[in-house]
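Comments concern the structure below.
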Amino acid sequence: MANSKDINSTERLLNVIRGSQQPSAPATEAAKDSFSPPKASPKISLNFPSVLAGKHRVRVGVDIGQDNISFAKMAKASDGRPMLVDQRIVKIGDRINRESAEFKDLLRSSLVSFAGSLAACDVWAMMDATEVNVNHLKIPRVPKKQLENVIFFTAKKENPIDEKDVVFDYEMQGEITDQGIPKYSVMVYTAPRSLVGKVRELFSSIGVDLAGITIAPFAIQNIFRTKWIAVGEGTFASLFIGNDFSRIDIYSKNNLMMTRGVKTGITSMMEAMDETIAETMPGKKLDKIRIKTILQELSDNPGTSIQDEDGIRWSQSTILDMITPALERLTRQIDRTLEYYATSVGYEKAEKIYVSSVLSGFHHVLLTYLSEQLATPTELFDPFEGKHSVTAAASLSPADRASLVPVVGLSLSDAKYTPNAIYTYVDKNKELTGKMINRGIFAAFAAALVLCLAFIAFQVVEMGQLGSKRAKLEQELSLFKPLLSREKVSALVEDAKNRYQITQHYSKKYRGMALISELSSLTPEDIRLINIRIAAPSGQAPAQKKGAAQTKEIAQKEISDGVSIEGVVLGERNTLDALLAQYVLNLERSAVLQGVTVEKSSIVNFRKKEILQFKINAKIG
């Protein structure tokens with residue numbers, strides 16, 4: 001027998017053919033592993049609707065003024081309408097620097113003391129309205145996908161916008177008709193990113209994550225949009241008198257239509273009083289702290305008069321005479337603004353003016369003077385008129401009530417209707433996309449749940465039917481009396497064993513003939529068999545076809561339960577290996593043989609011609 005190291009080209013050819021037809025298992029598995037994509041764990045964000053979160057969150061407004069910090073807390077009443085829970089004004093000491101850690105400690109301690117658990121609150125803050133640019137645009141009706149770009153480029157055309165430096169946002173305010181052409185009315189505003197970042201950074205430094213940042217005109221707009229104060233659908237104005245400036249905002253149908261700042265405020269009135277004192281009493285300077293105390297007393301008790309240490313008798317009329325120049329400038333600016341809005345812009349004239357101001361002693365004087373000088377009806381802006389206000393507000397003075405207007409409006413803020421500098425249309429679009437994805441996932445889960453429930457119901461019905469069928473079959477089985485007995489079954493088994501043994505006997509008897517017949521049909525003309533030795537089990541005498549080989553050599557190489565085939569391949573020298581390989585493959589395909597192997601093959605000379613002599617071993621299948 002040839003050594004395994006002596007495998008020639010015939011065996012290598014067989015290995016190549018077998019390998020192309022049946023690749024090895026390890027190679028196949030390796031190929032699968034190499035082509036299988038890496039497993040990635042997808043990250044799925046499930047943001048279920050806030051409806052599942054439980055009770056409504058409390059909204060807290062924080063307005064940081066020049067001399068005080070105002071707070072207002074708003075909750076939802078049982079009927080769903082807003083309800084003012086509490087309000088507070090915290091004084092800021094004159095020596096406290098706004099950039100100092102002392103101010104931040106005051107802000108945090110005051111906010112925590114007022115709001116309680118900040119985790120259950122949505123905190124809204126105010127930023128300076130003088131640095132925010134608010135405009136109104138008339139946009140042609142375009143497809144929804146193009147609307148954002150049209151609004152942005154129209155706003156950019158009106159006022160250059162650099163998104164690196166400013167925050168841009170807009171709000172749709174319905175459809176209008178402009179010269180017979182239907183258009184969209186859009187409010188756009190820009191705020192410096194540095195201003196927004198400064199406010200956000202201030203609250204972040206005290207551990208507060210703001211829900212929103214807006215300006216006073218939008219905060220007051222909340223009061224009208226939420227029906228906190230019923231003003232109807234007409235046109236009206238809001239006048240807020242601050243320390244260094246005043247601002248007049250015009251609203252129509254509860255939407256901010258125009259805002260304008262006036263450089264006249266409480267400071268201008270104090271300067272006017274200084275000038276009057278300097279004219280009447282040369283060299284005398286006004287003690288601002290003492291004057292504030294006097295103004296506050298007169299504001300709390302209108303109609304009274306107070307004489308100070310310098311012999312000056314203070315009364316509402318005296319104060320009015322001193323600050324009349326500043327009030328005249330303010331009145332002119334208000335008239336011009338209202339006239340410009342009604343004529344140049346082309347909107348309806350304001351029906352009423354709501355007046356509010358920072359906390360000061362000029363409150364009563366201002367309201368009286370403006371009511372007499374302005375043609376438009378004037379009214380105190382009192383945010384505590386609503387029946388949803390807390391009873392604690394009854395103890396507040398009119399001046400306190402008017403100063404709390406912005407922060408009360410701020411506490412009414414909501415992302416649905418309040419412009420938010422840290423939650424612009426870009427963020428809204430992202431949230432809308434997320435909600436759509438969540439709804440899709442929720443719908444898929446719901447559909448899967450319905451299918452599972454339907455399948456369970458089907459299984460329950462089917463189990464009931466199978467149970468009924470089983471009971472019926474068991475009843476039939478109980479009535480069935482078979483004719484078979486143990487003796488009859490044993491006889492049938494014995495008969496089957498006898499038939500099996502006879503069949504096995506015939507199979508062994510004619511196995512050799514069947515093998516010779518199979519070899520005769522598979523052996524081509526180019527291959528001549530020299531010797532065939534068949535070894536069958538159970539001592540059966542194998543059939544033999546003897547040639548030149550001797551009986552003694554065959555006995556030495558006897559195999560059990562198999563066949564040994566010796567022969568030669570005739571033909572051209574370069575085709576001998578291929579003919580032998582094809583013959584081996586034919587034998588492997590046979591149903592009679594299995595485990596076909598080439599024991600040896602070699603080139604020999606026969607009658608001056610090269611032939612391939614071989615020996616093949618196989619087992620009988």
Side-chain angles (χ1 to χ4, degrees), residues 18 21-33 35-37 39 41-42 44 46 48 52 438-522 534-543 559-563 585-596 618-621:
R18 290 167 179 164
Q21 292 178 350
Q22 297 177 349
S24 61
T28 305
E29 294 298 327
K32 289 181 180 178
D33 292 340
F35 286 102
S36 61
K39 295 182 179 180
S41 55
I44 300 176
L46 300 179
F48 292 99
L52 303 177
N438 291 339
R439 287 174 184 172
I441 296 173
F442 185 78
F445 282 152
L449 179 61
V450 170
L451 290 176
C452 291
L453 292 176
F455 180 74
I456 292 173
F458 173 76
Q459 291 293 322
V460 170
V461 173
E462 188 175 10
M463 286 178 64
Q465 293 176 351
L466 291 175
S468 301
K469 189 175 181 180
R470 177 182 176 182
K472 184 178 179 181
L473 293 175
E474 287 178 349
Q475 185 179 4
E476 293 178 357
L477 183 61
S478 63
L479 299 176
F480 178 69
K481 296 180 179 179
L483 299 176
L484 294 177
S485 62
R486 179 175 296 180
E487 292 76 12
K488 290 183 178 180
V489 173
S490 299
L492 291 175
V493 170
E494 189 65 27
D495 182 59
K497 288 183 178 179
N498 293 334
R499 291 182 182 181
Y500 177 76
Q501 291 176 356
I502 294 172
T503 303
Q504 288 294 104
H505 176 74
Y506 281 107
S507 172
K508 293 177 181 179
K509 181 177 180 181
Y510 296 106
R511 181 179 295 178
M513 297 178 61
L515 180 59
I516 292 174
S517 176
E518 181 73 10
L519 291 176
S520 299
S521 62
L522 294 177
I534 301 173
S538 303
Q540 180 185 348
I559 61 174
S560 61
D561 195 16
V563 61
L585 289 177
N586 291 338
L587 295 178
E588 287 181 345
R589 296 192 188 102
S590 173
V592 179
L593 300 176
Q594 64 179 3
V596 180
K619 291 185 178 181
I620 301 175

Residues Q501, H505; criterion side-chain contact (heavy atoms from CB on, under 4.5 Å); working and verdict: CA-CA 6 Å; Q501 291 176 356; H505 176 74; over 6 Å; no

Residues which pass salt bridge (charged side-chain N to carboxylate O under 4.0 Å, His left out) with R486, listed by chain and number, not counting sequence neighbours: none

Distance in Å, S521 OG paired with I516 CD1, rounded so as to fall on 0.5 Å steps: 12.0 Å

Nearest heavy-atom neighbours spanning Q594 and I620: NE2-O, 4.3 Å

Salt bridge (charged side-chain N to carboxylate O under 4.0 Å, His left out) partners for E474, two or more places apart: R470

M513 and S517: CA distance, side-chain angles, deciding distance, side-chain contact (heavy atoms from CB on, under 4.5 Å) verdict: CA-CA 6 Å; M513 297 178 61; S517 176; over 6 Å; no

Heavy-atom side-chain proximity of K469 to Q465 below 4.5 angstrom: no

Shortest non-hydrogen contact from S590 toward L522: CB-CD1, 3.8 Å

Point-to-point distance, once rounded to the nearest 0.5 Å, from CD1 of I456 to CG of L451: 11.0 Å

Aromatic ring pairing F455/F458, orientation class (parallel under 30°, perpendicular over 60°, tilted between): tilted

Nearest-0.5 Å distance, OG of residue S507 to CD1 of residue I502: 13.5 Å

4.5 Å side-chain heavy-atom contact, E588 and L585: yes

Over 12 foreign heavy atoms within 6.0 Å of CD, Q475: no

Nearest-0.5 Å distance that lies between atom CG in L593 and atom CG in N586: 11.5 Å

